[in-house]
S.K.: 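Take this structure, written in structure tokens, and hold onto it; I'll ask about it next.
Residue numbering restarts at 1 for every chain, and letters A, B, ... go by the order of the sequence lines. Here the structure is a predicted model, which is why all the values come from computation and not from measurement.
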Amino acid sequence: MEIASKYNPRAVEEKWYEFWLEKKLFHSEPDRRRPYTVVIPPPNVTGVLHMGHMLNNTIQDVLVRRARMMGKNACWVPGTDHASISTEAKVVKMLAERGINKRDLSRDEYMKYAWEWKEKYGGIILKQLRKLGASCDWDRTAFTMDDIRYESVIQVFVDLYNKGLIYRGARMVNWDPQALTAVSDEEVIYKESHGKLFYLRYFVENVERRAENGERDYIVVATTRPETIMGDTAVCVHPEDERYQWLKGKKVVVPGVGRVVPIIMDEYVDREFGTGALKITPAHDINDYNLGMKYNLDSIDIFNDNGTLNANGGKYAGMDRFACRKAIMKDLEEAGLVEKIEDYVNKVGHSERTDAVIEPKLSTQWFMKMSDIAKKALEVVEDGKIKFHPDKFRNTYRHWLENIKDWCISRQLWWGHRIPAWYLELRTESGERRTEVVVALNEEEARKIAAEKYGYTGELRQDEDVLDTWFSSWLWPISLFDGIRNPDNEEIKYYYPTDDLITAPDIIFFWVARMIMAGEEYRGEVPFKNVYFTGIVRDKLGRKMSKSLGNSPDPIELIEKYGADGVRMGMLLTAPAGNDLPFDESICEQGRNFANKIWNALRLVKGWQVETENAERKPENEVAVEWMEQRMACVLEQIEKDFDQYRLSEALMNTYKLMWDDFCSWYLEMVKPAYGTPIDKETYDATISIFERLMYMLHPFMPFVTEEVWHLLQEADSEAKAEMIAQSSIMIQHMPSSVFYDQRMLDDCTMARDVIAGVRNLRNSRGLSPKEQLELFVVCGDGKRMNSRFDSIVKKLANVSDIKYVDNKVEGAVSFMIGTTEFFVPMSQNVDVEAEKKKLEEELKYAEGFLASVMKKLGNEKFVNGAPEKVVAVERQKKADAEQKIAALKAQIENLKA
RNA sequence: GGGAGUUUAGCUCAGCUGGUUCAGAGCACUUGCCUUACAAGCAAGGGGUCAUUGGUUCGAAUCCAAUAACUCCCACCA
């Protein structure tokens with residue numbers, strides 16, 4: 001068979017992905033097997049695949065493929081998230097490019113464009129996932145705004161409203177002046193920024209008096225936001241601040257504005273900060289708002305929704321808030337009302353989605369009560385019903401839930417789930433107008449309720465706002481199986497709770513915590529059993545990958561360059577759970593090289609001539625097969641442990657070493673027939689079987705190359721069989737599991753490997769050709785010795801013509817030791833006596849030092865009496881071994897002198 | 001301001017309840033090899049005061065305390 005010497009992933013990957021799809025191997029239906037369910041963290045429809053997705057989805061695919069091969073009914077459900085704010089931003093931009101202003105469109109018209117956009121671009125990311133090899137059940141692809149998910153969201157809103165968990169109220173919210181919507185606390189990112197601290201003079205009200213008394217006649221207030229002075233309605237100082245006692249009960253004039261506001265005294269003020277005096281703008285700062293409520297202050301809103309000043313801004317009306325800051329400062333300075341300006345570093349809230357500076361703003365929004373539901377969500381993690389990997393995230397989770405605030409769930413956008421609330425105008429008997437709200441699944445229902453409750457039959461006006469995107473994502477593990485609308489359907493009963501959730505730690509509050517809440521509320525059960533938190537993909541300098549830095553490689557290009565298998569392996573190798581991974585393209589090279597290594601092992605094996613008749617089995621082959629089987633069992637046990645602990649990178653590394661070192665470097669070299677000679681059938685079959693199982697073990701990590709190699713490994717002696725193989729897939733084979741293994745056999749082989757390395761080292765350091773045959777003498781100590789079963793292997797791999805077991809050292813030979821066993825190799829050429837001596841003396845020195853430390857321990861009565869018997873025995877053995885070794889080394893040195 | 005975590009080889013990380021020669025792995029590095037599977041490779045090799053300082057112990061990379069540096073989360077004092 002002609003096989004290219006380099007593995008070419010491109011052709012192979014596309015072929016097999018198509019094949020898997022065609023055979024519907026990713027599809028799952030409930031059956032009698034145990035389910036294994038994973039729901040994808042739905043990427044935003046606006047997104048394109050980035051390295052974070054690559055990591056996240058590779059991990060999911062590994063777990064899913066492994067579960068599938070372990071006989072479970074694996075179901076990985078894909079889908080996308082409508083991402084209201086970012087999608088709205090994209091759509092508005094697209095409209096602008098076409099010369100359309102969103103404001104000129106009706107809601108329906110706008111939605112038509114938005115859906116159009118979604119249909120065109122929304123599927124890109126899922127298509128890209130296929131290149132990675134993701135084994136999602138594409139038939140189940142969902143969208144947070146498709147019918148089932150939409151209705152589920154509405155139903156949940158109505159339900160929670162009826163339970164009294166959702167309410168509407170005027171609160172201080174985080175306002176995004178660019179997206180023109182409120183956002184939740186979690187969507188505000190605080191960034192350090194270099195600004196100024198402005199010290200402004202607020203003169204006391206009565207101008208005449210200040211001159212008379214010669215008293216200090218103004219108070220200096222420090223602020224970072226002078227533009228908000230238009231909204232000042234008080235100045236606050238600490239009640240015990242001696243500097244300001246004279247101001248008690250007085251009023252001051254807001255500089256440049258002329259408004260007279262009271263001095264209030266409250267312990268909230270930090271006397272140490274600035275001047276110890278604080279201007280109060282209840283409409284534009286959360287703390288000021290609270291003080292305003294406490295002291296019943298006026299609240300003057302000076303901003304429009306887009307961040308420009310409104311009519312309350314007087315001469316600055318219409319100006320942007322930041323432009324206004326400059327203008328106002330200029331005016332105040334001219335008026336002599338500025339004491340000083342200092343540089344100041346503080347943290348400013350930015351919108352997660354648009355990066356606009358958040359404006360605290362008083363507005364009426366919908367909220368969800370969190371305290372009760374949070375308690376339950378905390379419990380299930382605390383008592384281990386849900387496990388976090390790594391466990392440290394439990395702390396973060398607990399802390400958030402214990403300090404949780406109500407969730408602002410309304411957004412002033414169109415793209416999303418429209419809030420199912422309808423308003424009606426009532427006129428009371430006294431002729432006053434009153435607005436009431438009814439919440440219902442649809443307008444018809446709302447009408448009914450309005451009629452029953454208020455006897456109202458007039459026009460209803462639906463709330464214009466939509467729900468926070470996360471208000472749909474939090475239902476994802478349930479709504480994907482239609483478990484909200486049809487809580488008793490077969491699918492939800494079978495697939496829920498899901499098994500593992502793989503996600504990034506930065507959405508632990510947005511998403512993970514809330515899914516747990518929804519699970520408790522709507523299923524009375526956890527939504528998943530394990531949460532695997534991936535790290536954040538960074539560049540090799542440790543920076544987050546971002547568009548603006550341009551430090552993020554394009555995953556698709558990487559796949560084209562290194563193959564999907566190569567990229568998957570690169571990602572996994574450096575990504576223990578919860579650790580950030582400094583990504584460097586070169587690690588994909590390691591993956592690509594590995595795929596090539598596997599490929600070449602295949603070339604070797606398939607190139608062998610197989611002897612079917614009167615085959616005599618070489619002794620080394622029998623031992624080799626036996627050893628490799630033991631070795632596999634041993635490593636399998638380790639890999640199973642690794643998976644139990646979600647240590648995927650360890651599992652991969654162990655599989656990698658098993659394949660490359662044990663199988664390729666050792667096993668294949670052991671059984672490889674000499675050039676031009678055949679291999680016996682028994683050994684050949686065993687080799688194929690081992691190779692196959694290695695492919696099973698690797699398949700979850702490297703699905704493509706393993707599928708290809710597995711197919712090529714199969715022997716077809718008939719056309720029917722060939723057809724059967726062609727139609728089959730590695731995906732549905734059984735993952736081998738660990739079995740009992742003989743540790744002594746493994747140790748014996750390790751010894752043999754050491755001996756081989758010893759001989760090779762000897763050649764290497766003395767410049768002997770590997771082709772020159774040597775003789776090997778083994779001086780049998782009484783303790784550990786070489787198991788002669790491995791002799792033929794040692795002969796073959798070390799190119800030794802004969803191994804002789806002798807009692808005494810051999811003259812004119814160079815030597816090395818393994819443990820306490822001495823090995824001698826006679827040299828045809830002259831031995832460099834001085835060099836040998838030096839080497840031996842160094843070894844001797846080390847052994848003596850080692851002995852000294854052991855003696856010290858054993859000389860310590862407390863150790864001998866205090867330590868466990870076993871440990872002392874080990875030390876005694878060490879002592880004996882060291883003594884023996886020292887004696888042997890000394891003898892060798894003597895020998896050289898003579 | 002509060003909390004969590006990290007610190008082991010040039011890099012990225014293992015090292016479970018202290019005790020087998022425990023100081024490890026992969027990559028990188030050095031040397032020698034184009035040996036008919038693979039130079040995307042083979043063979044051999046070098047490399048670390050386990051952040052620092054104390055303590056507990058017969059014994060500490062491992063447990064405790066303090067210190068330092070870094071990372072992240074939460075809070076948001078104008």
S.K.: How would you label the contact of K885(A) with the nucleic acid (heavy atoms, under 4.0 Å): base, sugar-phosphate, or nothing?
M.R.: nothing
S.K.: I want to know whether F663(A) and F691(A) have ring centres closer than 6.0 Å.
M.R.: yes
S.K.: Would you mind reading off the distance between Y675(A) atom OH and A37(B) atom P, rounded to a whole angstrom?
M.R.: 8 Å
S.K.: Under 4.0 Å between a side-chain nitrogen and a carboxylate oxygen: does that hold for K196(A) and D343(A)?
M.R.: yes
S.K.: NA contact type, N860(A), heavy-atom cut-off 4.0 Å: base, sugar-phosphate, or nothing?
M.R.: sugar-phosphate
S.K.: So what's G45(B) paired with, Watson-Crick or G-U wobble, going by both distances under 3.5 Å?
M.R.: C29(B)
S.K.: Any side-chain N or O of R760(A) under 4.0 Å from OP1/OP2 of A44(B)?
M.R.: yes
S.K.: With sugar-phosphate meaning primed atoms plus P, OP1 and OP2, does T281(A) contact a base, only sugar-phosphate, or nothing at under 4.0 Å between heavy atoms?
M.R.: nothing
S.K.: Does the C76(B) base have a donor-acceptor partner in the side chain of K347(A) within less than 3.5 Å?
M.R.: no
S.K.: Starting from C1' on G45(B), measure out to CZ on F816(A) and report it in whole angstrom.
M.R.: 16 Å
S.K.: Would you confirm whether the ring centroid of F388(A) sits within less than 6.0 angstrom of the ring centroid of F393(A)?
M.R.: no
S.K.: Can you tell which of A78(B), G15(B), A39(B) lies closest to the side chain of K6(A)?
M.R.: A39(B)
S.K.: Look only at the side chain of T503(A) and the backbone of I508(A), and say whether a donor-acceptor pair between them is shorter than 3.5 Å.
M.R.: no
S.K.: Atom NZ of K862(A) and atom P of G59(B): how far apart are they, to the nearest Å?
M.R.: 7 Å
S.K.: Counting side-chain heavy atoms from CB outward, which of C42(B), C72(B), A78(B) is closest to L278(A)?
M.R.: A78(B)
S.K.: If you look at every strand shown and take non-hydrogen atoms under 4.0 Å, does N596(A) touch a base, only sugar-phosphate, or nothing?
M.R.: base
S.K.: Does the side chain of D266(A) pick up a donor-acceptor pair with the side chain of Y295(A) at under 3.5 Å?
M.R.: yes
S.K.: Looking across every strand, which nucleic acid part, if any, lies under 4.0 Å from Y344(A) by heavy atom: base, sugar-phosphate, or nothing?
M.R.: sugar-phosphate
S.K.: Check this one for me: any side-chain N or O of K641(A) less than 4.0 Å away from OP1 or OP2 of C16(B)?
M.R.: no
S.K.: Classify the nucleic acid contact of V874(A) as base, sugar-phosphate or nothing, counting any heavy atom under 4.0 Å across all strands shown.
M.R.: sugar-phosphate
S.K.: Using a cut-off of 4.0 Å on non-hydrogen atoms, how would the nucleic acid contact of A595(A) be classed: base, sugar-phosphate, or nothing?
M.R.: nothing
S.K.: Distance criterion of 3.5 Å, no angle test: do you see the side chain of E669(A) paired donor-to-acceptor with the base of A37(B)?
M.R.: yes
S.K.: H399(A) has an atom NE2; how far is it from atom P of G5(B), in whole Å?
M.R.: 13 Å
S.K.: If you look at every strand shown and take non-hydrogen atoms under 4.0 Å, does Y397(A) touch a base, only sugar-phosphate, or nothing?
M.R.: nothing
S.K.: Suppose you measure atom C1' in G26(B) against the same atom in C34(B); what distance do you get, rounded to whole Å?
M.R.: 26 Å
S.K.: Indicate, with a heavy-atom threshold strictly under 4.0 Å, whether C236(A) touches base, sugar-phosphate, or nothing.
M.R.: nothing
S.K.: State whether R763(A) places a side-chain N or O below 4.0 Å from either non-bridging phosphate oxygen (OP1 or OP2) of U31(B).
M.R.: no
S.K.: Please report the distance, rounded to the nearest Å, between CD in E227(A) and P in A78(B).
M.R.: 14 Å
S.K.: Between S184(A) and E187(A), does any side-chain donor sit less than 3.5 Å from a side-chain acceptor?
M.R.: yes
S.K.: Look at the side chain of N764(A) and decide which nucleotide, out of A44(B), A78(B), A37(B), has an atom nearest to it.
M.R.: A44(B)
S.K.: Without decimals, in angstroms, what is the distance between M670(A) CE and A37(B) C1'?
M.R.: 17 Å
S.K.: Any side-chain N or O of N761(A) less than 4.0 Å from the OP1 or OP2 oxygen of G45(B)?
M.R.: yes
S.K.: Could you tell me whether the phosphate oxygens of G41(B), OP1 or OP2, come under 4.0 Å of any side-chain nitrogen or oxygen in N593(A)?
M.R.: yes
S.K.: I688(A) has an atom CD1; how far is it from atom P of A37(B), in whole Å?
M.R.: 16 Å
S.K.: Look at all strands and tell whether K672(A) reaches a base, only sugar-phosphate, or nothing, counting heavy atoms closer than 4.0 Å.
M.R.: base
S.K.: Using whole Å, report how far NZ of K870(A) lies from C1' of G18(B).
M.R.: 15 Å
S.K.: So K279(A), base contact, sugar-phosphate only, or nothing? Heavy-atom distance under 4.0 Å.
M.R.: nothing
S.K.: Under 30°, 30 to 60°, or over 60°: which ring-plane class applies to W599(A) and Y7(A), parallel, tilted or perpendicular?
M.R.: tilted
S.K.: Reading nucleotides 25-30 of chain B 5' to 3', which nucleotides get B (base under 4.0 Å from a protein heavy atom), which S (sugar-phosphate only), which -?
M.R.: SSS---
